[in-house]
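One structure is given here, and the rest of the page talks about it.
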Amino acid sequence: MNISTQKHLSRRTLLRAAGATIGLPFLEAMLPSFARADEARKLPRRLVAIQTNMGIIPQYFFPEQAGADYKLTPYLEKLAAHRQQMTIFSGCSHPGVTGGHAAEKCFLTGTPHPDRGGFRNTVSLDQFAAEHIGNETRFPSLSLACSNEGGPTLSYTRSGAPVAPDKSPRKLFEKLFVQGKPGEIEANVEALRQGRSMLDFVGEQSKRLSKTLSKSDQQRLDQYFTSVRELEQRMSSAEAWEYKPKPVVQAQPPQDIDDAKEFVQRTRLTLDVVKLALETDSSRLITFFIDTTVIHAITHHGNRPEALAELSEHESAQFGALNDFLTQLATTKEGGSSLLESTMVLYGTCMGSASSHSNVNLPALLAGGGFKHGQHLAFDKTNNYPLTNLYVSILQRLGIEAGEFSTGKTTMKGLEMA
């Protein structure tokens with residue numbers, strides 16, 4: 001047996017010089033020497049969920065053959081280097097999610113009938129996970145978007161409220177890696193403390209009220225107390241993070257691009273920052289809404305060759321950007337593993353065919369994250385399999401004990417953990 005005599009380095013190690021303090025990224029030396037042979041299993045699990053909202057040409061994405069020996073389609077050719085690190089899904093959709101473009105708000109929630117009056121969304125996959133593991137990082141989750149108008153988002157709170165996304169790669173970089181001035185830090189901490197004081201006040205008032213209530217109302221109030229305590233814990237964690245130095249990276253802040261037609265390059269800029277966020281363990285739950293409304297007109301191509309050629313050029317470039325992101329994760333080492341092995345990358349669309357506004361047979365793939373990949377899981381294209389079952393598998397891979405999520409009642413058939 002070889003016994004390492006290398007000194008164990010604390011993950012809280014800081015570099016101090018001339019009044020400056022710099023936090024360190026994760027290093028192998030931060031693992032005890034006896035644990036390094038088993039380090040890959042102990043590394044954090046992460047999720048990056050990406051949706052493009054104008055669909056993609058189905059026949060250029062879906063393979064004809066199921067299983068491991070499927071032939072790569074034009075779009076999957078762009079991802080050929082990662083074939084053994086991804087699973088392609090067909091014949092999947094969200095049960096009851098209809099309404100064409102209206103379904104874009106349900107990609108991570110699976111909430112049925114977004115096109116109906118009085119629709120109210122439910123919690124998204126990332127926010128559900130953040131309730132369980134979000135306090136382990138500076139940012140419990142990151143909601144991002146590539147868009148010029150409005151605030152399109154994949155993330156929704158438990159009450160169904162949209163989480164406003166960060167749309168500027170440069171501002172995201174500053175949020176993650178630029179340390180605030182002492183006065184700004186104290187102002188943020190004071191705001192957190194005031195919020196917690198208000199919760200304490202409401203809690204005391206509610207306890208006095210509880211004595212006058214029926215048992216059923218007391219149970220409801222107890223549920224309220226539980227949610228208040230959980231919020232207090234998250235706020236306390238946020239206060240602690242305010243005093244911790246942000247990680248230092250060698251990369252320069254990206255320069256924002258305002259032209260909506262350059263959505264592929266804007267996507268690349270955002271994904272470059274996402275990679276840094278994962279590498280520094282700043283957040284483990286990230287969503288990214290890619291708004292391609294600028295090409296909406298040609299998605300209604302009517303199978304015209306010239307329109308299909310123009311549309312496929314845009315969409316192929318999107319898969320090129322995804323390939324580069326996966327390559328960055330695969331070549332970035334973390335312990336004895338890679339970021340891709342510890343990060344699940346979900347990529348999909350809200351429409352099976354944008355040309356017909358169909359919300360069935362959704363194009364979707366999952367890369368990385370420690371699953372047995374290298375396959376095309378083909379389900380019934382008429383009676384679709386719930387894509388939300390995949391979300392149950394994702395939650396369990398994140399270490400969250402969840403037997404169901406939204407309309408998903410079990411894990412994804414045919415997808416096994418490595």
Side-chain angles (χ1 to χ4, degrees), residues 49-80 83 86-115 125 292 299-304 307-308 311-312 315-316 318-319 322 345-367 371-394 404-416:
I50 305 170
Q51 175 192 243
T52 176
N53 69 330
M54 289 292 134
I56 55 176
I57 303 172
Q59 62 268 31
Y60 291 1
F61 175 80
F62 291 119
E64 294 183 2
Q65 306 88 357
D69 297 326
Y70 67 89
K71 182 180 178 181
L72 291 171
T73 54
Y75 291 166
L76 296 183
E77 283 281 3
K78 291 287 185 177
L79 307 174
R83 178 181 181 129
M86 66 183 185
T87 295
I88 312 302
F89 305 99
S90 64
C92 296
S93 62
H94 289 321
V97 174
T98 53
H101 292 293
E104 68 182 27
K105 64 176 68 76
C106 302
F107 186 68
L108 286 189
T109 69
T111 311
H113 308 301
D115 52 329
L125 176 65
T292 59
T299 63
H300 298 285
H301 46 73
N303 288 320
R304 290 176 287 116
L308 281 170
L311 180 58
S312 65
E315 295 180 350
S316 181
Q318 288 178 256
F319 281 94
L322 175 61
V345 179
L346 171 66
Y347 188 94
T349 77
C350 55
M351 289 185 287
S353 172
S355 180
S356 61
H357 284 185
S358 167
N359 297 121
V360 298
N361 196 27
L362 303 180
L365 66 85
L366 182 72
F371 287 97
K372 295 180 181 179
H373 288 304
Q375 59 180 333
H376 168 211
L377 290 179
F379 297 95
D380 194 321
K381 294 183 179 179
T382 303
N383 299 306
N384 283 182
Y385 186 81
L387 186 62
T388 40
N389 283 352
L390 173 61
Y391 299 173
V392 179
S393 294
I394 288 174
E404 59 183 56
F405 176 81
S406 184
T407 53
K409 305 304 179 184
T410 184
T411 54
M412 191 76 173
K413 184 188 302 181
L415 183 65
E416 299 179 5

Calculate, to the nearest 0.5 Å, the distance between atoms OH and OG1 belonging to Y391 and T411 respectively. 15.5 Å
With sequence neighbours excluded, residues passing side-chain hydrogen bond (donor to acceptor under 3.5 Å, both in side chains) with T349: none
Partner set under side-chain hydrogen bond (donor to acceptor under 3.5 Å, both in side chains) for T87, not counting sequence neighbours: H373
Looking only at side-chain N and O atoms, does T388 offer a donor or acceptor that is under 3.5 Å from a partner on S406? no
Do you see a donor-acceptor pair shorter than 3.5 Å between the side chains of S90 and H376? yes
Between Y347 and T52, is any pair of side-chain heavy atoms under 4.5 Å apart? yes
Ring pair (Phe, Tyr, Trp, His ring centres under 6.0 Å) involving H113 - partner list, sequence neighbours excluded: none
Got E64 and Y70 here, is their nearest side-chain heavy-atom distance under 4.5 Å? no
Worked verdict on T111 versus T109 for side chain to side chain donor-acceptor pair (under 3.5 Å): CA-CA 5 Å; T111 311; T109 69; 3.1 Å; yes
Quick one about T98 and D115 (side-chain donor to acceptor, distance below 3.5 Å, no hydrogens or angles considered), yes or no? yes
Looking at every heavy atom in both L346 and L108, which two are closest together, and how far apart are they? CD2-CD2, 4.0 Å
Does Y75 have its ring centroid less than 6.0 Å away from the ring centroid of F319? yes
